Amino acid sequence: MKYFPQTPEDIRAMLERIGVQNLDDLFAEIPEELKLKGELQIPHAQTEMEVRRTIGAMAAENRPLCCFAGGGVYDRYVPSMVGYLCQRSEFSTSYTPYQAEISQGTLQYIFEYQTMMARLTGMDVSNASMYDGATATAEAMMMCVASAKGKRHRVVVSQTLFPEVLDVVRTYADYHGVTLCEVGPDAHGLTCREAINAALAAADVAGVIVPLTNRYGLIEDLTGLADACHAAGALLAINSVASHLALLKSPGEWGADIACGDAQSLGIDMGCGGPYIGYLCTTNALVRKMPGRLVGQTVDAAGNRCFVLTLQAREQHIRREKATSNICTAQGIMCLHVAIYLALMGQAGLAETEQTAADGAHCLCQRLAALPCFEQAFPESAFLNEFTLCYTGCRPLADVMADMADRGFLAGIASADGTMLTLAVTEQRTPDEVDALVKAFAEVCQAGCGTNQ
Amino acid sequence: MNNTYYGKLIFELSKEGRRGYSLPANPWAAHHTPIPAHLQRTTPAALPEADEQTVARHYTNMSNNNFGVDTGFYPLGSCTMKYNPKINEEVAALPGFTQPHPAAGDANLQGALRLYYETGRILSELTGLAEFTINPYAGAHGELTGLMVIRAYHRSRGDVQRTKIIVPDSAHGTNPASAAVAGLKIVQVKSTPEGTVDLDSLRSVLGPDIAGMMMTNPNTLGIFETHIPEIARMVHECGGLMYYDGANFNPILGVCRPGDMGFDVMHINLHKTFSTPHGGGGPGSGPVGVRSGLEQFLPNPRVLRRDDGTFTMAECPEALGRISSWLGNFGIIVRAYAYLLTLGREHVGQVGRLAVLGANYIKECLKDCYKLPIDGLCKHEFVFDGLRPEYGGEHSDPAHVTTLDVAKRLLDFGFHAPTIYFPLLFHESLMIEPTETESKETLDTFIATLRQIAEEAKTDPDMVKAAPHHTPIRRPDDVLAVKAGKFVYQPEA
C-alpha cells in the first residue's frame, strides 16, 4: 500500500520497542465484543489507474450544460492563475495557521483576503471565511442576537433571500432559540418595507436581514433602512453576491452593521455545490462579536511585520460554550482563490465583468419576454445579471426544462410551483448561446401546444 | 530563497493602470441598461491592480513561507495530519465535477449523486451506522448537525424538556460550542485520574432533562474508554442518545465501530481520517451518520437511491431542516471517495493499527525526558505534561522551559509543532499524533530532535525560550496584534 511506509522490519522493531508482540496487542484493552470480526464490506482496493477510471466514469455521468442558472451560484470564468497557484501544496496541505512562524503564507493571504473583502463590502473588517453564504447569513443572525446581550431574541428576515439561504437561517433560528419574523415581498418582488417597519415596532428585535440582490435577481432599494433599524435598536445585516458589489452600492454604503453572503462568484467553480466560501464582514464596533477566525498584523521578535491569528478569545478552543460560534475549520484555501482572483481583476476588471453580465441579462430578458410563453415578472424593478419571468406556456414548466436540458441548456431555475423561471447571464455566455437559448425556448414551449388540449 | 519585493502585501505591489485580466469586448453594449443612480456604488473598491507575473511571483514567494504535510511531519494531536494523495486532487478537478451548477436537477447530476451516495454507503459500513449525510461542511458543522438530529428526535416524541447535553471535561472545545449553538445546555462530567469518564460523575447528572452525551473514543488523551458499552447503556436508559465525535476515528478505523459501541449519531472529519487536505483551515467536510430509526431527521437535501437505481436529491418532511446551501463541500467528498477506493477492504484495517503503532513508539522513546501523566497503551495520540523536572520542566519554577518553548524550538528543525495546551486537564499539555503515513525514519528523527531539545532545555534554556531561530519570522507579538487591531491593510502614514 503506497500510503503506508512501514516495512515488516520497521513494524517488528517498533513493536519490540513498545514491548508487545503484534499490532493487535496494541488494542488489547478494547473489549472483544466490540472488535470487528471478518472483513468490512466495502469495495475492493483499486489501483490509481482503476480509481481514475471509476471516478472518471462518474464525472462523465453529469451532463455538461450551457448554464443560464444562478440563484446565488454563477458560471463565472476562473482565470488559470487561480487554480494553478492554489494547487501549491505548501498552501493546500497546511493546517490552520496556529504556528505563525511557519505559516506566514497562509496568514498573509488571509490578511489580503480580509482587506479585499472589507473594501468590497465597504465594511471595516472581514473574518477569515465562513462555510458558505447561507451559513454566513445564519451566523450573522446569531451575531445580532449575541450583540443584544440576552435582551433581544427576534430577528426580522426577508423572504426575498435566496431560498437555500432562508432555509438555513430558519434551521439555525429554530435550534438556537431565535424568533424569526419573516417579511414577504411586495408586488414588485422587493422586500416589503412597510412590513419591515411594522416588525421593527416590537421591542425585542435584535437584527434585520435583507438581500442586496434577491431571489428574483432584483436589486433591493435599501434607502433609509439602516436608520430605521438603528432607531429601533436593531442591527442591519445585508446578504449579497460578492461580485455584484463591483457595481452596486455596498453594504457599508447602505449603513449595514454586518455584510454576509457567498463569494463563489469571485474565482470559484460551481463544482456541484462546493466548496464555495461564505464571507462575513462587520464594523470595528462589533469585531469582538464576530464568529470565525481573524488574522491581524503585528511584529515579530526582530521587529519585522508579520501576521497572526488574533482575537482568539472569541473562539471555541478558548471559550468553549461561551464562544461567538462553534466554527473552527472554515473554507481556508478558498480565501486564496478569492484573493488571487481579485488581485488579477481589480475593481476595473470586476466592474467590466459584471457590466457585461448585466447587459447580457437585459438583452436576454427582453428577448425571452417577447416569446408568447413568458412575461417579465417584475418589470418595474431594476436587476443586474439575473431576472425572473412568469411562465404562461401550456406545457408544465418542468417538462420544458427537461427538453431544454436535452438541447444542452440549464435554462434557469424554475419555481417549485412551475409558474416562474429565474435566469442568470455571466460574462461567459456568448451571443450565439443566447440566440440558441431563445430559439430553443420558442420551439420547446410551443411543442405539443394546441394539439393535446 | 525568497524575494523581499514580491513578498510584500499585494496592495504594496499594486500600480494604477496594471491589469491581470483579459475580457472580450462587451457584446451586449447596445442593450446597456444603467443601474438606477441611487443603487450604484459611489466609491470604487480599492482592489489591487497587478499584472499576471506579479501575481504569480507574489503568491509563490508567500508559499515558500508555509509549512504543509508535503513539507514535513505534522505531529498535531487530534488533527490527524496524514498524507494527502495527489490522485484525489486530480479526480476532484475533473470538469464533470467542477462545472455543474448545483441546481441542475437530478437528471443532470447522476454522477455526482452516485458518488455522494456510494461514499455514504462506505462510511456506514466503516462506522456501523445506518445512513449518512455529507452536507455538513466541517467537523464542528457536523457536530451541530448531529446535535440537531438528537433534538429533532426528542421533539418528534414530544420529549421537549431534554435540553442538556453531557460533555466530558477532556472534550474538544467544539463540543460545548456546538451544543451552545444547537440550543443545548452543557453538563460537564469529570475524568478519573486514569483519564476516562468518571461513571459516578456521569450517574449523578443523568435524568429526564438529558438529551444525550457527546464523547470521542479514544478520548483526547488517546485512551480507549473501555466502559463505553456501560456508558451507552446508562445514557440510553435515561432516554438520551449517544453522540460520537469522529475527530479521533482514525485509530479505530478497521478495528471497531462507533455503531457497535452503542453510539447513535456521529460525525467524521473527511479532512482528518479520509486524507483530504486541510487547506490552511478548510474546506473540510463533516459527514454525519445515524443509526437506523433516525435517518428521517437528517438534513435536506438528502441523496436517495430510487428503485430503478437512479439517484435523487430529496426533501424529506421530518428532516431537521437545511444546514447547507447544497451538497456540502462536494469537491472534498470526491477526494475522500478516491481515498476510500484506494484503501479498499484490503488495506482499511491497517490504518488504525499503524497509526497506533507510531504513537506508542514515540511515547515509549520519549517518556524518560517528557512527563507522561498517564502511562499505558495509547491509541492514535498521547499527551505529555511538558518536560520532566530534570530537563528544566519543573512547573513550580517560573523560569521553566514550557511546552510553548519546546513547540517553537521544534520548528527550527523542520517539524510542525504538536498540539499544545490541549487538553485542558494538564498545565503543559503537548499532544502528539503521528498518523499511519509517517515512516520509522521520520519518527526516529522526530524523537531524536525532541531528545535534543530536552538536553538543550537543561543546558541552554534561554536559547530554547528564544526559539525559533531559523524560521521565516521569529516569535510574533500576539499582544500587540490584539492591541493594534490591524485586521486590514492600511498604508503606512
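Note on naming: letters A, B, ... go to the chains in the order of the sequence lines (proteins, then strands), and numbering restarts at 1 for each one. Computed from a predicted structure; not experimentally measured.
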J.: Are a donor atom and an acceptor atom from the side chains of A:Glu253 and B:Thr42 found within less than 3.5 Å of each other?
T.: yes

J.: Taking C-beta and beyond as the side chain, do B:Phe224 and A:Pro31 meet within less than 4.5 Å on heavy atoms?
T.: yes

J.: As an exercise: rank B:Ile87, B:Leu377, B:Leu109 by heavy-atom pairs under 4.5 Å with chain A and give me the winner.
T.: B:Ile87

J.: Report the residues that fulfil salt bridge (charged side-chain N to carboxylate O under 4.0 Å, His left out) with B:Asp478, sequence neighbours left out, ordered by chain and then residue number.
T.: none

J.: So, do A:Phe4 and B:Glu438 sit near enough that their side-chain heavy atoms are less than 4.5 Å apart?
T.: no

J.: Is it the backbone or the side chain of B:Glu52 that comes under 4.5 Å from a heavy atom of chain A, or both, or neither?
T.: both

J.: Report which part of B:Phe487 has an atom under 4.5 Å of a heavy atom belonging to chain A: side chain, backbone, both, or neither.
T.: both

J.: I'd like to verify something: which residue of B:Glu143, B:His271, B:Gln110, B:Met261 has the highest number of heavy-atom pairs under 4.5 Å with chain A?
T.: B:Gln110

J.: One thing to verify: whether A:Lys35 and B:Asp260 come together as a salt bridge, which I'm taking to mean a side-chain N less than 4.0 angstrom from a carboxylate O.
T.: no

J.: From B:Asn64 CG over to A:Gln104 CD, what is the distance, rounded to the nearest 0.5 angstrom?
T.: 13.0 Å

J.: Given B:Tyr59, which partner from the list A:Arg88, A:Gln108, A:Glu112 fulfils the side chain to side chain donor-acceptor pair (under 3.5 Å) test?
T.: A:Glu112

J.: Checking the side chain of A:Thr93 only, and the main-chain atoms of B:Val69 only, is there a donor and an acceptor separated by less than 3.5 Å?
T.: yes

J.: What orientation do B:Tyr83 and A:Tyr3 show, parallel under 30°, tilted 30 to 60°, or perpendicular over 60°?
T.: tilted

J.: Select one option (side chain, backbone, both, neither) describing which atoms of B:Ile228 are under 4.5 Å from chain A's heavy atoms.
T.: side chain

J.: Is the closest side-chain donor-acceptor distance between A:Gln99 and B:His416 under 3.5 Å?
T.: no

J.: Please look at A:Cys306 and chain B and tell me whether the side chain, the backbone, both or neither of the residue comes under 4.5 angstrom of a heavy atom of that chain.
T.: side chain

J.: Cut-off 3.5 Å, side chains only: do A:Thr298 and B:Asp477 have a donor facing an acceptor?
T.: no

J.: Distance-only, no hydrogens or angles: does the A:Asn62 side chain make a donor-acceptor pair with backbone N or O of B:Ala112 under 3.5 Å?
T.: yes

J.: Given heavy-atom pairs under 4.5 angstrom as the criterion, report whether the side chain, backbone, both or neither of B:Met148 touches chain A.
T.: both

J.: List the steps, then state whether side chain to side chain contact (heavy atoms under 4.5 Å, CB included) holds for B:His101 with A:Ile413.
T.: CA-CA 10 Å; B:His101 190 289; A:Ile413 299 177; 4.1 Å; yes

J.: Please identify, among B:Phe97, B:Phe330, B:Phe67, the residue contributing the most non-hydrogen atom pairs under 4.5 Å to chain A.
T.: B:Phe97

J.: Please determine whether a side-chain nitrogen of the Lys or Arg among A:Glu101 and B:Lys408 lies less than 4.0 Å from a carboxylate oxygen of the Asp or Glu.
T.: yes

J.: Measure A:Leu85 against the heavy atoms of chain B and call it side chain, backbone, both or neither at under 4.5 Å.
T.: side chain

J.: Please check if the side chain of A:Asp300 supplies one atom and the backbone of B:Pro476 the other of a donor-acceptor pair under 3.5 Å.
T.: no

J.: Just verifying a value: how many Å separate A:Leu384 CG and B:Ile35 CD1, rounded to the nearest 0.5 Å?
T.: 5.0 Å

